[in-house]
Amino acid sequence: MMSSSHVLMVRSLYKRILKLHHGLPIEMKAIGDQYVKSEFKNHKTAKEEEVKIFIAEWMNYAKQLDEQLSRRSSLGSSIDVSRLDSFRPEQIGQLYELHVETKKPSQFIPPENIS
């Protein structure tokens, strides 16, 4: 069972990420919010070791996004190919699904303006 301080920390991180998403373009916010909600829900029953990695990665994501939004720089970063070796098959599948979702035409931008 998780301690109440751990639960508060996780909830605070979750809320911080959703708040940061307010600074994203609407399409990215929609995808990001859905993904964050799904991931946090799916990790409620994860093993302690997985939770540590999960929290560390989401804290890193929040820090990077906060920095990118505050500098108004380009969003996102590349994944080092060597890190993919440590991904489980379902994580590779999620990454691919996210890639496909981000390549879909935007309903908010006319097709002639998409590069």
Side-chain angles (χ1 to χ4, degrees):
M1 184 167 185
M2 300 290 172
S3 70
S4 60
S5 62
H6 174 78
V7 171
L8 288 174
M9 188 270 302
V10 172
R11 188 174 292 144
S12 174
L13 176 60
Y14 176 78
K15 288 180 179 182
R16 178 176 178 224
I17 292 167
L18 293 178
K19 186 173 181 177
L20 284 167
H21 283 181
H22 286 284
L24 295 173
I26 195 162
E27 304 91 349
M28 292 176 80
K29 180 186 181 311
I31 293 169
D33 286 355
Q34 182 180 11
Y35 187 74
V36 169
K37 289 173 184 179
S38 173
E39 283 295 294
F40 273 74
K41 181 180 178 182
N42 291 338
H43 279 79
K44 280 185 177 182
T45 58
K47 295 177 182 166
E48 187 176 342
E49 188 172 310
E50 290 177 336
V51 170
K52 288 178 183 177
I53 296 168
F54 177 84
I55 295 300
E57 290 297 329
W58 280 105
M59 289 176 87
N60 185 43
Y61 167 78
K63 180 182 176 203
Q64 287 180 344
L65 183 57
D66 188 31
E67 290 171 358
Q68 291 170 354
L69 290 171
S70 66
R71 289 192 316 247
R72 292 182 169 47
S73 62
S74 62
L75 297 170
S77 62
S78 298
I79 295 177
D80 185 346
V81 178
S82 65
R83 290 194 66 203
L84 295 177
D85 292 336
S86 66
F87 283 27
R88 294 187 314 265
E90 63 267 17
Q91 290 174 309
I92 297 290
Q94 286 178 317
L95 192 58
Y96 179 73
E97 288 174 20
L98 187 58
H99 170 75
V100 168
E101 191 65 32
T102 61
K103 296 299 179 186
K104 288 182 179 176
S106 171
Q107 61 182 347
F108 303 102
I109 303 173
E112 64 272 5
N113 293 340
I114 298 174
S115 54

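Put simply, the side chain of Gln94 reaches to within 4.5 Å of the side chain of Gln91, judged on heavy atoms. Annotation: side chain of Val10 is not in contact with side chain of His43 (no heavy-atom distance under 4.5 Å). Proximity of Glu39 to Glu57: side-chain heavy atoms (C-beta onward) are nowhere separated by under 4.5 Å.
Nearest heavy-atom pair, Ala62 versus Leu20, reported as atom, atom and distance to 0.1 Å: O-CD1, 3.4 Å. Smallest separation of non-hydrogen atoms from Val36 and His21: CG2-CE1, 3.6 Å. The nearest pair of heavy atoms linking Leu75 to Pro25 is CD1-CD, 3.9 Å. Closest approach of Gly23 to Leu69, counting heavy atoms only: O-CD2, 3.4 Å.
For the atom pair Leu13 CG and Leu18 CG, the distance stands at 9.5 Å (nearest 0.5 Å). Here Arg11 contributes atom CZ and His6 contributes atom NE2; the two are 11.0 Å apart, rounded to the nearest 0.5 Å. Note that CG of Leu65 and NZ of Lys63 are 13.0 Å apart. Values are rounded to the nearest 0.5 Å.
Within 6.0 Å of atom CE in Met9, more than 12 heavy atoms from other residues, nucleotides or ligands are found, so the atom counts as buried in its surroundings.
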For a salt bridge (Lys or Arg N to Asp or Glu O under 4.0 Å) check, start with the C-alpha distance between Glu49 and Lys47, then their side-chain angles and the critical distance, and finish with the verdict. CA-CA 6 Å; Glu49 188 172 310; Lys47 295 177 182 166; over 6 Å; no
Please assess Asp33 against Ile17 for the test side chain to side chain contact (heavy atoms under 4.5 Å, CB included), listing each intermediate value before the final yes or no.
CA-CA 8 Å; Asp33 286 355; Ile17 292 167; over 6 Å; no
- Check the pair Leu24 / Ile31 against side chain to side chain contact (heavy atoms under 4.5 Å, CB included), numbers first and verdict last. CA-CA 10 Å; Leu24 295 173; Ile31 293 169; over 6 Å; no
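Follow the hydrophobic side-chain contacts under 4.5 Å out from Met59 and you reach Tyr61 in the same cluster.
Here the side chain of Ser86 pairs a donor or acceptor atom with the backbone of Arg83 at under 3.5 angstrom.
Residues forming a ring pair (Phe, Tyr, Trp, His ring centres under 6.0 Å) with Phe40 (at least two apart in sequence, or on another chain): Tyr14, Phe54, Trp58.
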